[in-house]
Amino acid sequence: MTGLLAAAVIAAIGLAMINFILVKRMDPGLPEMVEIASAIREGSDAFIKHEYTVILRIALLIALLLALVVSWYTGVAFILGALMSSLAGLIGMKIATLANVRVSNTARLTGSLGKTLKVAFRGGSVMGLSVAGFALLGLGILYYVFGELLGQTSLENLRIVTNHLGINYIPFTMTVSGYALGCSIVAMFDRVGGGIYTKAADMGADLVGKTEAQIPEDDPRNPATIADNVGDNVGDVAGLGADLLESFVGSIISCVVLATYMYYLSLDSSSPIPGSMVIKLIRYPLLFTALGLLSCILGILLLMIRKVSDKPHRELNTATWTSAFLTVLSTGVLTWFLFSGEPTTGSGFFLGPLSPWISAVLGIVSGIAVGSLAERSTSYDYPSTRLIAEASREGAALTITQGMAVGLKSVFLPVLVLGAAIVAADAVAGLYGVAMAAVGMLSFVAATVSVDTYGPIADNAGGISEMAKLDHRVRDITDELDSVGNTTAAIGKGFAIGSAALAAISLFATFLFSQSSPGDTGGILLIDGNNILEADGRKFVLLLNMINPLTLSGAVIGSALPFLFSGILIESVAKAARKMVQEVRRQFSADPKILSGESKPDYKQCISISSAGALAEMKVPAAIAVLSPLLGGFILGPEFVGGMLIGTTFTAIMLALYTANAGGAWDNGKKFIEKGMYGGKGSNTHSAAVIGDTVGDPLKDTVGPSLDILIKIMAVISLITVSVFQRYNLLELVKVLF
Amino acid sequence: METHFYLSLFPMEALIASQLNPAQFGSYMATGSKKGSAERLIFAEISGDFGSWFDWNHALHRCVRHPNGDLKNSVYLSVYRVLEHTPLEVFKALYLTTQDGRILELFASEYSAPDQGRDFFIYKELCPITPLVISTLPPREFCAYMTDPHIKTYVPKLMYTDLKMIDFDNPEQTGNIGNIYDNKLDHLKECIHEVTTYKEKPNKILERSHATSFTYQVIKNGIYAGDQDSFLFFRMKSEQELKDQAYDWAKSAMIL
């Protein structure tokens, strides 16, 4: 196992480094292009530096708490997770701010769409490969150091232990959970901070620049335009990368934790899971994703080595689907060799040795389905988005109303797909299968993140071309690449939400498992499932008592949390955007020569406003995500938190789908009008659509992605701390005292 | 320091002396000094010092640098009946200024009657009046008609432009032409029917004062100025020409 994992990690990080160096060595172009790119890079670096300083302080505090309360290795694993996630985000952002200007320059020098696409994708691949590479590197270190060297994965240590505070846990599950929490914390700050930054800058640039002063997009006279481009890097690159790294890790560790607890809890049953099987179940998601990563490397190389056409969408799809196909194929072979001949007793494999692979494939299929449904709801090639454009003829109110209708309706079918995927994956391979469905969906994450990162790089390249006033042929190329990036982003969001939902549900199941005590499975309310037929007549199912008032109130309050969280986020964006609007107005008024092009605007002031706004505003939403399960748990205990997780997970999935799809549909409704429908640009219809797009901006780019993280971070924190607050909570104390 | 004379034609009629060159003047007039305005305007640079209607001495006396050395932005010579008293021969160039202050320079070119492929025209009158008119008359004949003193509603001199028309078989796919036909389709069809059916009435007003929703996107062939004796045609650049020669202006004008 170590060999395959090491090969995948070395190949991924090695190729990422090669691509990084190759991109960096390219000619950045004309002095004015270099100047603009430097301003974007400096702004991005400054923000990330401030953000990571905040994260570092919080991370050290959490690590210390984990080490003191749970175990030293949980604290160390947490730091490792935070480090890996930060590294991936940092490297991704660095390459994005280097590649943007080189993409623009390639278009300028070659005039070739295909050659320019290659540079953008090469840049994107650094992020994609770093996400998967660093995630697996960290997990590999954990497995080798803590699992193998310190013996946490030896069968005798796959037992619940009790620490000095009387807290129960299985050591390796706590190690991997700490790692996942480290990734989650970074992802939360990257996504929330980056999301607030990017939308404050974007809205500020649009509201005054485009709407009031009628300046075109990416015009260098707009003081907020550099901040807008910085936002693409800190939000859409670093934020997206950290988010998907966290999902990737979350799905893998939920398999590991589930397998470990299934094994432990089956020991007392009549059909225990064999020791050799549990070791394979723990290793399987790592091997599966390692093969996925190797497949992605081939898919990425396929695009980079051969001569590509001038059809960017087709080329990107070829890279993604080649990676997916190779992943499915190679993991099928792996699964067969790993599990054939292995007794599947107690593991819930209903379709033989290929069961977990079938579940993973179900995950991939449902991911594609959710992504395609997102495209149907947001692309102007389909009726939903066209209806929004049509409604804009009657004014902004109807644009908003129709967009809300599209967004709300768009939730049902993806949820149906996810529901079906959960039932099917569970039917094939039990709860482990559900976790594997999430792993499957994310197994070719290196390819999907490469494509997703290509989008903001192309967007930035377009901005640089525009600001440097390059020839219109250069701008045509970067515009074409950018428009493809918008489509791939919508599908990527579907994948991100789908995988987050499945990962959160798997983590929720592990939360229930984690409440067990040494030699006692009663803590998690395991019962004999009379309605499930098993050869030996006994089958364990998990129960969360929904009639329990604590669980019910947890579910109700948990359901409200995503609304509170989203409201705070939108308010944060609005607050920062208002400051940006005021600053842009102030600059235009203070120096009229900015608009005539004789003076340069003060870009740095706008960058500072976005940075300060994001850094100040990201703390409250992050605190809600981290503290709600802790407060709920330490006051009202695990039943309440269980209910809360259910409530939060369900409403957050719905809200994430709604916000992503409504925002995407408003955006593309506007783009449809800009193609020359209903009066096109400059018409009242267009003005109404612009308002819809502006309303949708913080929904799709700040709220939606942050909700994906909210559900996972709450699940991981609950998973780690349940054994603590199960023992120490106010309610229990009151019961004891009175 | 040279003094320029600018004839503002749309949306406000005025004769203005300025030390700013056309690009600076367009930017100043569109975006203001510190007023934060964003106004689309059409103006022409003219050679000054003609006739006795305007007080040229006043302009030359007032149009001097500010004490701090800054150029004089504007000295208004007249804001009423300006085009009427300006001979077309003094027109140097016409400037279409976007709301963010970018200018497109157009020079007078040879006129030939446009082939519309339809039996009616839509004219947007720019100065001194601003209605939107459906007409069966080609541009030159329309100008002759509108400036004919025998017509009760004549104007001594007129500046106007002909507009793009949507495809009635596919009315949703308008192209980027702005707001012009929004909510007026039925009335537009009635007006077209009227002028094409009743030949004795070649013109029909589609909208009395169509000032705010006019955009450069909707200009079809160009801008015309004329009276009974003279006629000027400023050809609008094609989309490809704009891409090659005036990309930034076309972006600001939302044509590209």
Side-chain angles (χ1 to χ4, degrees), chain A residues 208-222 386 389-390 392-395 462 465-476 479 584-599 672-688 690, chain B residues 20-21 23-40 70 73 98-103 164 166 170-185 212-218 239-240 242-256:
Chain A
V208 190
K210 276 163 82 173
T211 310
E212 281 182 21
Q214 302 285 323
I215 295 178
E217 178 91 14
D218 290 322
D219 192 299
R221 293 173 297 171
N222 191 336
R386 290 185 174 209
E390 209 176 321
S392 301
R393 300 171 85 179
E394 276 71 53
S465 307
E466 198 73 33
M467 284 184 266
K469 300 196 178 301
L470 299 185
D471 188 87
H472 70 80
R473 279 172 284 270
V474 177
R475 306 187 213 193
D476 288 346
D479 284 353
V584 176
R585 280 181 184 157
R586 186 197 67 73
Q587 289 199 30
F588 281 153
S589 166
D591 186 359
K593 288 185 175 168
I594 291 175
L595 276 172
S596 63
E598 294 164 274
S599 294
F672 185 56
I673 292 167
E674 287 173 352
K675 280 176 74 75
M677 301 298 293
Y678 313 122
K681 290 178 191 171
S683 62
N684 287 346
T685 309
H686 185 235
S687 302
V690 168
Chain B
L20 305 176
N21 65 34
Q24 292 168 324
F25 181 75
S27 175
Y28 164 73
M29 289 296 285
T31 61
S33 48
K34 292 191 178 181
K35 301 181 196 79
S37 59
E39 195 169 51
R40 188 182 295 116
D70 285 354
N73 293 326
T98 58
Q99 284 172 288
D100 62 342
R102 283 176 166 152
I103 58 160
K164 291 173 186 166
I166 53 171
N170 190 8
E172 294 177 343
Q173 195 140 21
T174 55
N176 282 314
I177 60 165
N179 222 22
I180 195 144
Y181 303 118
D182 267 9
N183 311 320
K184 299 191 254 303
L185 266 187
T212 51
S213 54
F214 168 68
T215 62
Y216 301 134
Q217 302 157 309
V218 79
E239 205 168 299
Q240 190 55 48
L242 287 172
K243 241 181 177 182
D244 294 335
Q245 301 162 19
Y247 183 88
D248 287 340
W249 181 87
K251 285 285 270 191
S252 289
M254 292 195 266
I255 292 173
L256 295 180

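Throughout, a chain's letter reflects where its sequence line sits, starting with A, and its residues are numbered from 1. Side-chain atoms are counted along with the backbone in the values below, which use heavy atoms only and exclude waters and symmetry mates.
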What residue in B/A253, B/G26, B/S252 has the most heavy-atom pairs under 4.5 Å with chain A?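 The candidate making the most pairs under 4.5 Å is B/S252.
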
Could you have a look at B/A23, B/G175, B/S27 and say which one has the most heavy-atom pairs with chain A under 4.5 angstrom?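 Maximum pair count with chain A is reached by B/G175.
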
Where A/H472 and B/K243 come nearest, the two heavy atoms and their spacing: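 It is CD2-O, 3.1 Å.
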
Smallest separation among heavy atoms of A/P216 and B/D100, with atom names: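 Residues A/P216 and B/D100, closest heavy atoms: CD-OD2, 3.5 Å.
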
Which atoms of [X] are under 4.5 Å from chain A, going by heavy atoms: the side chain, the backbone, both sets, or neither?
{"X": "B/T174", "value": "both"}
{"X": "B/I255", "value": "neither"}
{"X": "B/N170", "value": "neither"}

Based on non-hydrogen pairs under 4.5 Å, which of A/E390, A/E217, A/R221 is most in contact with chain B?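 With the most close heavy-atom pairs to chain B, the winner is A/R221.
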
B/Q24/A/K593 under side-chain contact (heavy atoms from CB on, under 4.5 Å): CA gap, chis, key distance, verdict: CA-CA 10 Å; B/Q24 292 168 324; A/K593 288 185 175 168; over 6 Å; no

Any chance you could lay out the side-chain contact (heavy atoms from CB on, under 4.5 Å) test for A/E466 and B/K251, step after step, and finish with the verdict? CA-CA 10 Å; A/E466 198 73 33; B/K251 285 285 270 191; 3.4 Å; yes

Using the side chain to side chain contact (heavy atoms under 4.5 Å, CB included) definition, which of the options A/I215, A/D219, A/L595 pairs with B/R102?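 When side chain to side chain contact (heavy atoms under 4.5 Å, CB included) is applied between B/R102 and each of A/I215, A/D219, A/L595, only A/D219 qualifies.
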
Would you find a donor on one side and an acceptor on the other, under 3.5 Å apart, between the side chain of B/N176 and the backbone of A/K675?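 Such a contact is absent between B/N176 side chain and A/K675 backbone.
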
Hey, is the main chain of A/K681 close enough, under 3.5 Å, to the side chain of B/Q217 for a donor-acceptor pair?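 Yes: the side chain of B/Q217 pairs with the backbone of A/K681.
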
Verdict with reasoning, A/K469 to B/Y247, per side-chain contact (heavy atoms from CB on, under 4.5 Å): CA-CA 9 Å; A/K469 300 196 178 301; B/Y247 183 88; over 6 Å; no

Any chance CD of A/E598 has more than 12 other-residue heavy atoms, nucleotides or ligands included, within less than 6.0 Å?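 Result for CD/A/E598: enclosed.
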
Candidate pair A/R393 and B/E172, rule side-chain contact (heavy atoms from CB on, under 4.5 Å), full reasoning: CA-CA 10 Å; A/R393 300 171 85 179; B/E172 294 177 343; 4.2 Å; yes

What part of [X] is in contact with chain B, defined as an atom under 4.5 angstrom from a non-hydrogen atom: side chain, backbone, both or neither?
{"X": "A/D471", "answer": "neither"}
{"X": "A/E674", "answer": "backbone"}
{"X": "A/R473", "answer": "side chain"}

Do NZ/NE/NH1/NH2 and the carboxylate oxygens of A/R475 and B/D248 come within less than 4.0 Å?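 A salt bridge is present here (some side-chain N lies under 4.0 Å from a carboxylate O).
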
